[in-house]
There are 2 protein chains.
Amino acid sequence: MTTPLRERMRLVREEAIVDVVNRLLADKGYDFMTVDEVAAEVGMAKASLYKHFASKEALAAAAMVRVLERALAAMDEIERAATPRPAIERLHDMLRWTMRTLYEGRMPSLPAQNSALRTVLTADKVYVNLLLRLSDRLGGWITEAQRDGTVSASLPPEVVLFTLYARACDPVLPLLKASGQYTPDQIYEWLSQTCFGGLHGTAAGAALHAGVGAPGAAAPAQAGPRLAVAPARTRSPAPGEAPRKRRPASPQARNRKSPTG
Amino acid sequence: MTTPLRERMRLVREEAIVDVVNRLLADKGYDFMTVDEVAAEVGMAKASLYKHFASKEALAAAAMVRVLERALAAMDEIERAATPRPAIERLHDMLRWTMRTLYEGRMPSLPAQNSALRTVLTADKVYVNLLLRLSDRLGGWITEAQRDGTVSASLPPEVVLFTLYARACDPVLPLLKASGQYTPDQIYEWLSQTCFGGLHGTAAGAALHAGVGAPGAAAPAQAGPRLAVAPARTRSPAPGEAPRKRRPASPQARNRKSPTG
DNA sequence: GTCTATAAAAAGATAGAC
DNA sequence: GTCTATCTTTTTATAGAC
């Protein structure tokens with residue numbers, strides 16, 4: 001019954017690799033993550049890495065599979081809660097799990113639309129199966145919430161599901177985090193509010209169709225706050241740091257220095 | 001007053017180039033767009049292309065600048081409307097413009113988080129200035145809507161602004177479009193609803209804090225619709241078509257299956 | 001300004017010694 | 001299974017003729 005020592009060591013090694021991949025994937029995305037980098041951070045030679053995973057794609061797939069497993073585990077956890085809670089609250093909890101994972105840099109940035117990663121993942125049986133299981137279970141919660149009226153029944157469940165999934169790559173969260181002026185809980189609260197409650201204020205329903213807002217509506221604290229547009233979120237590579245990977249080819253040098261340097 | 005013929009021809013040429021870039025950027029994103037491809041679609045040699053634009057980055061920047069100009073023009077248009085309309089409706093119109101642009105494949109896919117494109121754009125004065133102008137004007141509409149109570153005043157204007165911007169790269173729209181079972185107007189309607197009104201149903205406010213949904217709430221039409229998880233949105237390269245660009249290196253055969261063998 | 005041909009570099013993957 | 005050294009392809013960018 002005891003797994004051979006070799007086998008266990010291999011598993012531990014691969015776990016460490018997937019950890020690194022997961023972090024890099026969250027940090028820079030699939031396209032910017034290089035295998036050299038993975039190998040360097042794990043502390044092994046690239047060729048050795050390829051003994052464990054057949055390709056860069058396999059690396060990414062492993063990380064994605066693990067995040068799906070964690071999501072399913074989070075659902076288990078939520079359902080295990082002592083008192084049976086309404087579906088809408090379970091969905092809230094799941095959204096919060098997603099946001100926290102994203103905030104903490106442990107959410108491998110999903111292949112937004114047409115990334116290389118998508119091509120790979122849709123061909124990966126294990127990944128697709130897990131995604132289907134997750135979607136089915138969430139779909140159950142969603143239709144449950146629609147039946148009890150806490151989630152709008154006029155939306156196809158698909159739309160609700162995708163809307164929740166989209167939070168996993170919501171650019172708003174990183175932007176607010178990068179601004180550095182809000183606590184995680186503030187951010188979670190605002191994003192929960194916009195996701196479930198939308199942007200509308202109290203006078204919204206009436207105003208939209210009457211063409212006029214409620215007269216005595218509370219004015220916001222500040223008069224006209226200048227909106228900061230998150231300038232230069234890009235980390236300019238700090239003096240010591242490596243000067244930005246994947247700058248494919250600037251062979252001759254942009255400013256023509258003397259060839260003898 | 002008359003611009004020289006040569007000059008006008010150059011401008012027309014460059015307009016055509018930016019058109020192609022814009023479409024490719026919308027279709028595949030910055031990383032997957034290759035300069036060879038741009039040249040091929042424009043119908044000129046790559047070296048000639050480089051006489052017009054100094055780099056791939058400059059190409060992308062030109063496309064992004066143009067989309068910002070179009071967005072500002074859309075705002076002008078909305079403001080020109082005969083009857084002065086409440087800010088919330090103008091914001092609705094702008095959201096719809098964004099969704100239509102995205103739906104029609106004319107929205108260059110924004111650099112989601114840490115794309116190469118971001119690095120370039122944040123250094124581009126023209127782009128940044130336009131983005132600031134757009135943000136300022138939208139910020140005006142937002143605070144106006146918050147004052148009249150149609151947009152929640154408990155949200156920082158920044159959060160509202162970013163939430164609207166995020167619609168420009170909302171993965172939900174492409175997913176729904178790809179499913180092929182909904183009309184554009186249905187999709188716009190649902191996404192407007194989730195953006196401004198959120199996912200909540202009528203019983204939501206009460207249920208969330210009482211822990212129970214309204215008893216007589218309308219049940220959705222279908223009982224338990226199996227959720228389709230948008231399988232394989234990836235266009236497998238049609239028989240005639242080029243076999244998928246940017247598959248960086250698979251020099252030897254791939255038959256090498258799982259490495260632990 | 002347009003072309004053909006080519007350089008330069010990066011990144012994925014592998015060979016082969018141990 | 002680990003390493004070093006190398007190969008292959010892709011892609012950005014440029015040289016140089018006309």
Side-chain angles (χ1 to χ4, degrees), chain A residues 4-14 16-17 21 24 28-40 42-61 116-117 119-120 242-257 259, chain B residues 4-14 16-17 21 24 28-40 42-60 116-117 119-120 242-261:
Chain A
L5 178 60
R6 287 293 153 85
E7 180 69 2
R8 273 182 306 170
M9 281 189 59
R10 189 178 61 80
L11 285 177
V12 167
R13 202 87 160 111
E14 296 187 352
I17 294 170
V21 171
L24 287 175
K28 2 188 16 167
Y30 182 74
D31 297 320
F32 276 17
M33 178 186 82
T34 71
V35 178
D36 292 83
E37 211 170 7
V38 176
V42 175
M44 73 195 305
K46 187 161 54 164
S48 309
L49 199 60
Y50 274 97
K51 297 284 185 185
H52 291 274
F53 294 91
S55 63
K56 179 185 178 183
E57 300 157 359
L59 280 172
L117 191 46
T119 318
V120 177
R244 194 73 180 156
K245 288 283 176 59
R246 194 67 196 282
R247 181 106 161 128
S250 67
Q252 257 65 359
R254 212 55 151 249
N255 29 353
R256 263 294 179 196
K257 296 175 71 172
Chain B
L5 179 60
R6 287 291 154 84
E7 181 68 4
R8 272 182 305 171
M9 282 188 58
R10 190 178 60 81
L11 285 176
V12 167
R13 203 88 160 110
E14 297 187 351
I17 295 170
V21 171
L24 287 176
K28 356 181 30 162
Y30 182 74
D31 297 321
F32 274 16
M33 179 186 82
T34 71
V35 178
D36 292 82
E37 209 171 8
V38 175
V42 175
M44 71 196 304
K46 188 163 51 165
S48 309
L49 198 61
Y50 274 97
K51 298 284 186 184
H52 291 274
F53 294 91
S55 62
K56 179 184 178 184
E57 300 158 358
L59 281 172
L117 192 44
T119 318
V120 177
R244 195 71 180 159
K245 288 282 177 58
R246 192 70 197 277
R247 190 141 172 81
S250 70
Q252 274 70 355
R254 199 43 146 295
N255 359 4
R256 216 37 147 40
K257 31 177 294 189
S258 115
T260 26

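A note on names: the letters A, B, ... follow the listed sequences, proteins ahead of strands, and every chain is numbered from 1. Heavy-atom basis, side chains included; hydrogens, waters and symmetry copies ignored.
- Side chain of B:Arg6, nearest nucleotide from D:dG1, C:dG1, C:dA13: C:dG1.
- Protein atom CG of A:Asp31 is 17 Å distant from nucleotide atom P of C:dA10, rounded to whole Å.
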Protein-nucleotides 3-6 of chain C N/O pairs under 3.5 Å:
from	atom 1	to	atom 2	distance (Å)
C:dC3	OP2	B:Ala45	N	2.5
C:dC3	OP2	B:Ser48	OG	2.8

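- For the pair B:Phe53 CZ and D:dT12 C1', the interatomic distance rounds to 17 Å; values are reported in whole Å.
- As a whole-Å value, the separation of B:Asp36 CG from D:dT9 P is 16 Å.
- In this structure, A:Tyr50 reaches the C:dA13 phosphate: one of its side-chain N or O atoms is under 4.0 Å from OP1 or OP2.
- B:Phe32 has its CZ atom 16 Å from the C1' atom of D:dT12, to the nearest Å.
- Rounded to 10 degrees, the angle separating the terminal helix axes of the helix from C:dG1-D:dC18 to C:dC18-D:dG1, each built from five base pairs, is 20°.
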Problem set entry | B:Val42 and B:Val21: CA distance, side-chain angles, deciding distance, side-chain contact (heavy atoms from CB on, under 4.5 Å) verdict | CA-CA 9 Å; B:Val42 175; B:Val21 171; over 6 Å; no

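- Taking the side chain of A:Arg10 as heavy atoms from C-beta on, and the options D:dG1, C:dA13, D:dT12, the nearest nucleotide is D:dG1.
- Remark: B:Arg10 engages B:Glu7, B:Glu14 in a side-chain hydrogen bond (donor to acceptor under 3.5 Å, both in side chains) (not counting sequence neighbours).
- Remark: P of D:dT11 and CD of B:Glu57 are 16 Å apart, rounded to the nearest angstrom.
- Here B:Ala58 pairs with B:Phe53, B:Ser55 under the side chain to side chain contact (heavy atoms under 4.5 Å, CB included) rule; sequence neighbours left out.
- Distance CE (B:Met33) to P (D:dT10): 19 Å, rounded to an integer number of Å.
- Atom-to-atom distance recorded for A:Met33:CE and A:Leu59:CG is 5.5 Å, nearest 0.5 angstrom.
- The cationic atom of A:Lys56 (NZ for Lys, CZ for Arg) lies less than 6.0 Å from the six-membered ring centre of A:Tyr30 and within 45° of the ring axis.
- For the pair A:Arg8 CZ and D:dG1 P, the interatomic distance rounds to 14 Å; values are reported in whole Å.
- Side-chain contact between B:Ile17 and B:Met44: present, with at least one pair of heavy atoms (C-beta onward) separated by less than 4.5 Å.
- If you check C:dT2, C:dT14, D:dT2 against the side chain of A:His52, the one that comes closest is D:dT2.
- Among all heavy-atom pairs drawn from A:Ala39 and A:Ala45, the shortest one is CB-C, 4.1 Å.
- Of the candidate nucleotides C:dA11, D:dA13, D:dT11, D:dA13 has the atom nearest to the side chain of B:Lys56.
- Going from atom CG of B:Leu59 over to atom P of D:dT11 covers 16 Å, rounded to whole Å.
- To the nearest 0.5 angstrom, B:Thr34 atom OG1 is 6.5 Å from B:Lys28 atom NZ.
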For this session: Take A:Phe32 and A:Leu24 through the test side-chain contact (heavy atoms from CB on, under 4.5 Å) and record every step on the way to the result.
Result: CA-CA 9 Å; A:Phe32 276 17; A:Leu24 287 175; over 6 Å; no

